[in-house]
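Since we're looking at a predicted model, the values are computed, not measured. Chain identifiers are assigned alphabetically (A, B, ...) following the order of the sequence lines, protein sequences preceding nucleic acid strands; residue numbering begins at 1 within each chain.
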Amino acid sequence: MNEVRTRFAPSPTGYLHIGGLRTALYAYLIAKKNNGKFLLRIEDTDQDRFVEGAIEVIYKTLKLVGLQHDEGPDIGGPYGPYIQSERKPIYLKYAKELVERGGAYYCFCSKERLDQLREEAARNNTVFKYDGHCRNLSRDEVERRLQAGEPYVIRQKVPYTGTTSFHDELFGTITVENSTLEDGILIKSDGLPTYNFANVVDDHLMKINPVVRGSEYLSSTPKYNLIYESFGWEIPKYIHLAPVMKEPGKKLSKREGDASFEDFYNKGFLKEAIVNYVALLGWSPGDDREFFTMDELIEAFDIKGLSKSPAIFDINKMRWMNSEYIKKLSLEEFHKMALPYYKDAGLPDNMNLLRLSSLIQGRIEILSDIPDIVAFLKVMPEYEADLFVHKKSKTTLENSYENLAKAIEVLEMLEEWTEERIHQVLIDLITQLGVKNSQLLWPVRVAASGKLVTPGGAAEILGLLGKNESMRRLHIGLDKLKAALNL
RNA sequence: GCUCCCAUGGUCAAGUGGUCAAGACACCGCCCUCUCACGGCGGUAACAGGGGUUCGAAUCCCCUUGGGAGUGCCA
């Protein structure tokens, strides 16, 4: 049995899309599940699409999420180079061999001629298909035009009749009529191969098996098999993956800046949560488990659990999963991650931020939720007096005014300004007054925060704010109530 | 248009001829509670439609419909 070797073969066109990450993950899992190798190959045969720095983003991302490759451009390996543009001579050599073997031919058709054909096709409401103009040029003519330095491409010679089949581990056997296939270009006029040729040559030379890739390659796979056959190469196993879709209603677009791993990561999604969520998008372990470490994924992964239909990316569920990961963090770990956000929010340094972290850890889904939820600690929001009125807590403007005034009295006298003492003093007051907890605590919390919803209750907020700021805010609240009551 | 693929709740999905058709997210209700969240409990919600095969179909076959992909000197 041969070694299992899978590859992730992105083109350096920018950020790593979430669908690409999933493809890489599955390829990695398949390799590791079988004690095989996972390699990285850069498919940059389209020089027009090259984006500066894109390869580095790929390295960085794969490393960050723990999909460490065993062979690749940055670490080398026995089958390099691993960047296609550096393999240029290899492809040409094999293309020429393919011509000799009758699986390909030189084509001298100009761009203009092709465009004209395309136009005609459009006018006739049909689809352009290369007409085979150069398919049967004589050897001499080809030689003569090559000598003359005419620009050329090399095209695949697909049989006009018959059928071609291939077997996919997931989709089963798929058969197509050769007449629906086209004589695609293998070597471009710039001498570089197209993907259609490079992937076959590289996968063979790099001993890739199985070939794991998106299902968009399903319909061109017969053409690849024809190439393998012409060379007499062993055909690899195929595992085609159903795509990840954007939710129709909501846009998950590049424009919105939230379709790539990096964007999610920067928004405060934990890398483990992203990987975990993405793993479950199109794959199921067959049982109810839904939280996995990378090692657990390797253990649990089986291509039998792969789905054949497209999966819609649900940011909502990923947020939920992220919140679960946040809750699992130790307070210290979470605090460390939250700190930069506190800084951005401009919270005072002397505030007990560790305590704040413990209050918000269970209340946020992603890290970037933090600024909004803590903003009131820096600047007291504007609010209306009717915020004090809450039916469930049985508070009115009147009793809020009375109770808040009493709370201010006892707090004013409190020297040791700790959360515990504040709480104690307020509870004692409640007992003494014989009111419901909420009737006192509600107005205090509202006055302290100016908000309907806060992380933590009255005592926690007062504790965070410190005595000076607390008393200032409570008095503002009292004044608001006074004004509202026309006192 | 042509070719290929796919089809269980709004979403992710289990299910492989006999189940009251799992579970999760979201949503709703109740409990907890000084608010919200967390947590606990409960609920609404699905086999796209039509034909077959079979004693019996979500599971097998065909058609329709819907969705996806390919049809580039992109990958």
Practice item. Look at atom NZ of A:Lys327 and say whether more than 12 heavy atoms of other residues, nucleotides or ligands are closer to it than 6.0 Å. Key: yes

Check your understanding: Do the rings of A:Tyr238 and A:Phe166 sit parallel, tilted or perpendicular, given the 30° and 60° boundaries?
Key -> perpendicular

Check your understanding: Nearest-Å distance, CG (A:Asp46) to P (B:C74)?
Key -> 5 Å

Check your understanding: Once you round to the nearest 0.5 Å, how far does OH of A:Tyr277 lie from CE of A:Met321?
Key -> 9.0 Å

Point to revise | N or O in side chain of A:Lys188 less than 4.0 angstrom from B:C74 OP1/OP2 | key: yes

Check your understanding: Taking the C1' atom of each, how far is B:A58 from B:A14, in whole Å?
Key -> 12 Å

Review point. Under 6.0 Å from the CD atom of A:Glu216, do we count more than 12 heavy atoms belonging to anything else shown?
Key: yes

Point to revise | Nearest-Å distance once atom P is located in both B:G1 and B:G52 | key: 30 Å

Review point. Atom CD of A:Gln361 to atom P of B:A37: distance rounded to whole Å?
Key: 18 Å

Review point. Taking atom P of B:A75 as reference, at what distance in whole Å does atom CG of A:Leu218 sit?
Key: 19 Å

Check your understanding: Over how many whole Å does the gap from A:Met245 atom CE to B:A7 atom C1' extend?
Key -> 13 Å

Filtered N/O pairs between nucleotides 12-14 of chain B and protein, under 3.5 Å:
{"residue": "B:C12", "atom": "OP1", "partner": "A:Ile312", "partner atom": "N", "Å": "3.1"}
{"residue": "B:C12", "atom": "O2'", "partner": "A:Leu280", "partner atom": "O", "Å": "3.0"}
{"residue": "B:A13", "atom": "OP1", "partner": "A:Gly282", "partner atom": "N", "Å": "2.5"}

Practice item. Please state whether the phosphate of B:C34, meaning OP1 or OP2, lies under 4.0 angstrom from any side-chain nitrogen or oxygen of A:Trp442. Key: no

Exercise for review: Take A:Thr221 and A:His240 through the test side-chain hydrogen bond (donor to acceptor under 3.5 Å, both in side chains) and record every step on the way to the result.
Suggested key: CA-CA 10 Å; A:Thr221 299; A:His240 285 92; 3.3 Å; yes

Check your understanding: How would you label the contact of A:Ser11 with the nucleic acid (heavy atoms, under 4.0 Å): base, sugar-phosphate, or nothing?
Key -> sugar-phosphate

Review point. Per the atom types in the model, does the base of B:C73 pair as donor or acceptor with the side chain of A:Thr194 at under 3.5 Å?
Key: no

Exercise for review: Determine the contact category for A:Asp288: base if any of its heavy atoms lies under 4.0 Å from a base atom, sugar-phosphate if only primed atoms, P, OP1 or OP2 are that close, otherwise nothing.
Suggested key: base

Review point. Roughly how far apart, to the nearest Å, are B:A57 and B:G49 at atom P?
Key: 15 Å

Check your understanding: Just how far, in rounded Å, is C1' of B:G1 from CZ of A:Arg123?
Key -> 17 Å

Exercise for review: Check the distance between B:U71's C1' and A:Arg155's CZ and give it to me in whole angstrom.
Suggested key: 14 Å

Check your understanding: Which residue lies toward the 5' end of RNA chain B, A:Tyr224 or A:Glu365, if each is placed at its nearest nucleotide?
Key -> A:Glu365

Check your understanding: Quick one: A:Tyr130 OH to B:C2 P, roughly how many Å, whole number?
Key -> 26 Å

Point to revise | Options B:C5, B:C73, B:G70, nucleotide nearest the side-chain atoms of A:Ile174 | key: B:C5

**Study point:** Which residue lies more 5' along RNA chain B, comparing A:Arg118 with A:Phe171 via nearest heavy atoms
**Key:** A:Phe171

Practice item. Provide the closest heavy-atom pair for A:Glu43 versus A:Pro12 in the form atom of the first, atom of the second, distance. Key: O-CD, 3.5 Å

Review point. Is A:Gln84 touching bases, backbone alone, or none of the nucleic acid, heavy atoms closer than 4.0 Å?
Key: nothing

Exercise for review: Could you give the distance separating B:A46 and B:G23 at their P atoms, to the nearest angstrom?
Suggested key: 15 Å

Dump every N/O contact between nucleotides 28-33 of chain B and the protein below 3.5 Å, one line per pair.
{"residue": "B:U33", "atom": "N3", "partner": "A:Lys392", "partner atom": "NZ", "Å": "3.4"}

Point to revise | Pairwise C1' distance, B:C32 and B:G42 [rounded to whole Å] | key: 15 Å

Check your understanding: Roughly how many Å is it from CG in A:Leu192 to P in B:C73, rounded to a whole number?
Key -> 15 Å

